[in-house]
Amino acid sequence: METTSVLLHSKTIPFSFTISINNRKRKLSFRHHDKHLQSHLSNTSVLSGQNLKPIKNPLNPPFSLYLSTSSLKITGTHLLSPPKCSYSGSVSTEGPQTHQFLKPFKNLSLEKLKATLLQLTPVDIIKWSAILSTAIAATKWTVNLVINPFFWMYFSWTWLFWPWFVAISLAVYGLYCFYKHSIGEASIFEQLAIVTSVFTWLTLVPPAHFSGYLQGWPFVFFFVYHYFFFFNVSVRKRLYGDYYARPHDPKWDLNPPRWYRLFFCVGVMAGHWLAAFEGPELHLIPGGWINVGIWILILATLLMQYNSTFYLAKYSEKVVVPSAVVQFGPYRWVRHPIYSSTLLLFVTYFIALRAPLSLLFVVAVCLMYYAQKAKMEEGLMIETFGEKYLEYMSKVQYKFIPLVY
């Protein structure tokens, strides 16, 4: 006699039925959890000369079931629909599958937890205690800040556009863009982000910090600073039709030592913060006709910057390399009018904020830096144009400030 192993798996309640073959009854039962059923069929039923037809599974299992063409009587013990079942030619030894989410906790026990805690050293306890305390304190501070209505009502409607977290985010992004610019990979938008982040921390953040809100001159100079420093780019657009710098002789890229440039940047930033600290609160700065002089200085600064850049670019190759000694426009009064216009811009801003001591500080910083840079440029101009530039120096004796310096 041959024995065939049939794997039956049902998702319903236990179910059984009786098969009657040639007046011989066999009671079969289906159970949960991959129960196996041994069906013993006598070879005499096969050898009795009846015509048997093989029933084969399309999945090609390792056996075939033969069903007699004689009458087959199936009696169910429960009034349920036929269960879904699967069959296999081998015996399965696997139990119910464990959920993937529960696997990390499968071997978790109280004894293992005690063993892990006993292995901690005093240093580990201090370290994890500090981390946990910091996390709890940061979470508590954040929740209290977010749900505190005073945090959202503290700033005026203007300062809501420049809260601290926006200014800091802009500064971080500006530093990232400056790094890309230093390696020559910054796009036009990233270069604009550098300028905007710098001017935000020069003109908007200091007065907003000391006054608690923004109004008046800081907004004006935020846009004036942008317009002023984009004159160089606008001149390229006017002369060449685009905004991109042209390759040129690197000997004209004159810069003082790095520590000197760092001193200038830190000094200018510190001067703007000192001006916001020294000056009165923004609502105490008077308006009206008393500020006409400040508007005149703004216009004079912009005109000086534009004319200086335009005349220098007109008599230069690729905007940077001079082809002649320029003696027109603002160059008739001072030898370095571009630096003079930058200095005048800072002076105008400090006058608008009513900060005379900070004005003197930033003027001293600018004169020290620009004097060093002008010395390098004039040496290269004498080397390039010789007597022509010496004659110009004798005609125009002042570097930055007419009749003064």
Side-chain angles (χ1 to χ4, degrees), residues 167-168 170-186 190-206 209 221 225-226 228-233 245 247-278 305 308-309 312 319-322 334-350 355 357-384 393 398-401 404-405:
I168 294 174
L170 186 60
V172 172
Y173 183 67
L175 291 174
Y176 167 74
C177 294
F178 180 76
Y179 166 74
K180 293 190 66 176
H181 176 70
S182 64
I183 60 178
E185 297 180 359
E190 290 170 337
Q191 295 179 37
L192 177 62
I194 297 173
V195 176
T196 301
S197 62
V198 171
F199 293 160
T200 299
W201 280 84
L202 283 178
T203 61
L204 296 181
V205 176
H209 173 66
F221 279 93
Y225 274 42
H226 276 83
F228 179 89
F229 283 96
F230 278 114
F231 273 137
N232 192 14
V233 179
H248 57 273
D249 191 346
K251 76 175 184 178
W252 292 98
D253 294 330
L254 299 175
N255 285 307
R258 181 172 298 180
W259 68 269
Y260 224 82
R261 286 176 282 167
L262 181 62
F263 163 77
F264 173 73
C265 295
V266 173
V268 170
M269 181 65 72
H272 282 72
W273 278 81
L274 289 174
F277 174 75
E278 178 188 356
Q305 168 71 359
S308 302
T309 304
L312 181 63
V319 183
V320 179
V321 181
V334 290
R335 298 200 296 266
H336 303 277
I338 294 179
Y339 300 153
S340 300
S341 61
T342 305
L343 180 61
L344 183 59
L345 176 67
F346 294 152
V347 168
T348 306
Y349 176 75
F350 285 34
L357 297 180
S358 303
L359 185 152
L360 296 177
F361 172 79
V362 80
V363 166
V365 170
C366 290
L367 290 179
M368 292 176 61
Y369 176 76
Y370 287 138
Q372 180 69 19
K373 195 169 184 179
K375 181 179 179 180
M376 299 171 62
E377 292 178 354
E378 289 178 349
L380 185 57
M381 292 292 289
I382 293 174
E383 178 184 344
T384 304
M393 291 178 63
Y398 302 104
K399 292 182 179 180
F400 308 116
I401 306 174
V404 179
Y405 180 69

Just say parallel, tilted or perpendicular for the rings of [X] and [Y], cut-offs at 30° and 60°.
| X | Y | answer |
| --- | --- | --- |
| Phe178 | His181 | tilted |
| Phe400 | His336 | tilted |
| Phe221 | Tyr349 | perpendicular |
| Phe346 | Tyr225 | tilted |

Are the side chain of [X] and the backbone N or O of [Y] linked by a donor-acceptor pair below 3.5 Å?
| X | Y | value |
| --- | --- | --- |
| Trp201 | Ala167 | yes |
| Thr384 | Met381 | no |
| Ser182 | Tyr179 | yes |

Apply side chain to side chain contact (heavy atoms under 4.5 Å, CB included) to the pair Phe361 and Leu357, showing each step before the final yes or no. CA-CA 6 Å; Phe361 172 79; Leu357 297 180; over 6 Å; no
Check whether any side-chain heavy atom of Phe350 lies under 4.5 Å from a side-chain heavy atom of Leu360, and answer yes or no.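 Phe350 vs Leu360: side chains apart.
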Are His272 and Thr203 close enough that a side-chain donor and a side-chain acceptor fall under 3.5 Å? no
Quick one: [atom1] on [X] to [atom2] on [Y], what's the gap to the nearest 0.5 Å?
| X | Y | atom1 | atom2 | value |
| --- | --- | --- | --- | --- |
| Leu170 | Leu175 | CG | CG | 10.0 Å |
| Thr200 | Ile168 | OG1 | CD1 | 13.0 Å |
| Thr348 | Leu343 | OG1 | CG | 9.0 Å |
| Glu378 | Lys399 | CD | NZ | 5.0 Å |

Mind checking whether Phe277 and His209 have ring centres under 6.0 Å apart? no
Between [X] and [Y], which heavy-atom pair has the shortest distance, and what is it?
| X | Y | result |
| --- | --- | --- |
| Ala275 | Ser358 | N-OG, 3.2 Å |
| Gly174 | Ser197 | CA-OG, 3.6 Å |
| Ala186 | Cys177 | CB-O, 4.1 Å |

Using the side chain to side chain contact (heavy atoms under 4.5 Å, CB included) rule, take Leu345 and Phe229 through it: C-alpha gap first, then chi angles, then the decisive distance, then the call. CA-CA 10 Å; Leu345 176 67; Phe229 283 96; 3.9 Å; yes
With sequence neighbours excluded, what pairs up with Lys180 under the salt bridge (charged side-chain N to carboxylate O under 4.0 Å, His left out) test?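 With neighbours one apart ignored, the set is Glu190.
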Counting only heavy atoms not in Phe230, do more than 12 sit closer than 6.0 Å to its CZ atom?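 Atom CZ in Phe230 is crowded, with more than 12 foreign heavy atoms closer than 6.0 Å.
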N/O donor to acceptor pairs below 3.5 angstrom from side-chain atoms of residues 365-375, sequence neighbours left out:
none

Could you walk me through whether Val334 and Tyr339 satisfy the side chain to side chain contact (heavy atoms under 4.5 Å, CB included) test, starting with their C-alpha distance in whole Å, then the side-chain angles of each, then the deciding distance to 0.1 Å, before giving a yes or no? CA-CA 10 Å; Val334 290; Tyr339 300 153; over 6 Å; no
